[in-house]
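Take a look at the structure set out below.
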2 protein chains.
Amino acid sequence: MTGTARTDTAQLMELLSVSLASYYGEFTVAAASENLTASQGKTLTVLRRGAASMSALATTLTCDASNMTGIVDRLEKRGLVRREPSPSDRRVKNVALTADGERVIDTIRGRMQHTVAGLERLDVQERETLSVLLERVFVERPAT
Amino acid sequence: MTGTARTDTAQLMELLSVSLASYYGEFTVAAASENLTASQGKTLTVLRRGAASMSALATTLTCDASNMTGIVDRLEKRGLVRREPSPSDRRVKNVALTADGERVIDTIRGRMQHTVAGLERLDVQERETLSVLLERVFVERPAT
DNA sequence: TATTGTTATACTCTATAACTATA
DNA sequence: TATAGTTATAGAGTATAACAATA
């Protein structure tokens, strides 16, 4: 056989499914407590890493570019993001978090008490190990 | 200070966010290839673990019970799930996967090549470690 | 009285297609 | 010609409130 009952790929996919549903469910509730939808919250999460064009946002969020117009419209109307013209390409609009937007997304993350408590159950070495493994699975690109 | 730059809670939350986006993005694309929305796919994922009532589904999917009616309606119309009356409580309807529904959700998971390949980058010991850590963070309940 | 599932409603998300401005 | 962003449209997801059937 190619793996134990506990750690074969299908079992790990299932555990990932449960784990990420837990994270996403708690994120959705936390976003709602700030009167934001999950998609609006996810947009703020991406922008927390830095400003991005409309099309870059759509790519990162795995949705069609036309969706971003409405989502960013609503976030902008609430003063959480702002559109800025790109200096180098007049077609492009860069979207950036405002100070209010930063505050709101940080508040949302802070309210994810179940996830935060789960992470704080790990000691320093375990955190490092989890970090390395998640990077291996989701971030690293296989050599071509 | 309370942690290293790499493994403090905020950093791990960010890495989880990236991991979730990768998993969820690939899941959404795979579900779309079977003409299913992400919510429909997530419903099949939950039912793969066993039949559940409408309200239990809503709880697991972190949404209002009224949403489940339409989602299950569409899945039932395609023959992927079926509603069955509960033997013990005549108010309750249990939803179960059909053989077709099982086939479809297994196909969707099989199409998540990036995630599958990421997991298969890990050796047996690493898989076991990841499994234990995810259970610690997301599944275990703290003693009261 | 409380719970389960449904319906009606209003708003948001989503993909597709067509459009304008710019490259 | 191709790309960035927007608009229009239709179908789906979402929470709220109200309802009938059942517990």
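Just so it is clear: chains get the letters A, B, ... in the order the sequence lines come, proteins before strands, and each one is counted from 1.
- B:Ser53 is linked by a side-chain hydrogen bond (donor to acceptor under 3.5 Å, both in side chains) to B:Ser55, counting only residues two or more places apart in sequence or in another chain.
- Taking CE of A:Met54 as the reference point, atom OG1 of A:Thr59 lies at 11.5 Å (rounded to 0.5 Å).
- In this structure, CD1 on A:Ile71 lies 7.0 Å from CG on A:Leu61, to the nearest 0.5 angstrom.
- For the helix from C:dT1-D:dA23 to C:dA23-D:dT1, the end axes, each set by the C1' atoms of five terminal pairs, are bent relative to each other by 10° (nearest 10°).
- Under the side chain to side chain contact (heavy atoms under 4.5 Å, CB included) criterion, B:Arg111 pairs with B:Ala30, B:Ser33, B:Glu34, B:Thr107, sequence neighbours left out.
- Listed by first and then second residue, the side-chain hydrogen bond (donor to acceptor under 3.5 Å, both in side chains) pairs involving residues 97-106 of chain A are A:Arg48-A:Asp106, A:Asp100-A:Arg103 (not counting sequence neighbours).
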Sugar-phosphate means primed atoms, P, OP1 and OP2; the rest is base. With that split, encode nucleotides 10-17 of chain D 5' to 3' as B, S or - using protein heavy atoms under 4.0 Å. --SSBBBB

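- Linking Ile, Leu, Val, Met, Phe, Trp and Tyr residues whenever their side-chain heavy atoms come within less than 4.5 Å places B:Val18 and B:Val116 in a single cluster.
- Residues satisfying the side-chain hydrogen bond (donor to acceptor under 3.5 Å, both in side chains) criterion with A:Thr43, sequence neighbours excluded, are absent altogether.
- Applying the side chain to side chain contact (heavy atoms under 4.5 Å, CB included) rule to A:Gln125 yields the partners A:Asp123, A:Glu128, A:Thr129; only residues at least two apart in sequence or on another chain are considered.
- Within residues 77-91 of chain A, the residues that place at least one heavy atom under 4.0 Å from DNA chain D are, in residue-number order, A:Arg83, A:Arg91.
- Salt-bridge check for B:Arg121 with B:Glu126: failed, with every basic side-chain N at 4.0 Å or more from each acidic carboxylate O.
- The outermost nucleotides of DNA chain C lying under 4.0 Å from heavy atoms of chain A, listed 5' to 3', are C:dT12 to C:dA23.
- Applying the side-chain hydrogen bond (donor to acceptor under 3.5 Å, both in side chains) test to residues at least two apart or on different chains, the pairs with a partner in residues 71-80 of chain B are B:Asp73-B:Arg83, B:Glu76-B:Arg83.
- Atom CD in A:Glu76 sits about 13 Å away from atom C1' in D:dT6, given to the nearest Å.
- Scored by the side chain to side chain contact (heavy atoms under 4.5 Å, CB included) test, B:Ala32 finds no partners at all (sequence neighbours excluded).
- For A:Thr62, the side chain to side chain contact (heavy atoms under 4.5 Å, CB included) test picks out B:Val29, with sequence neighbours left out.
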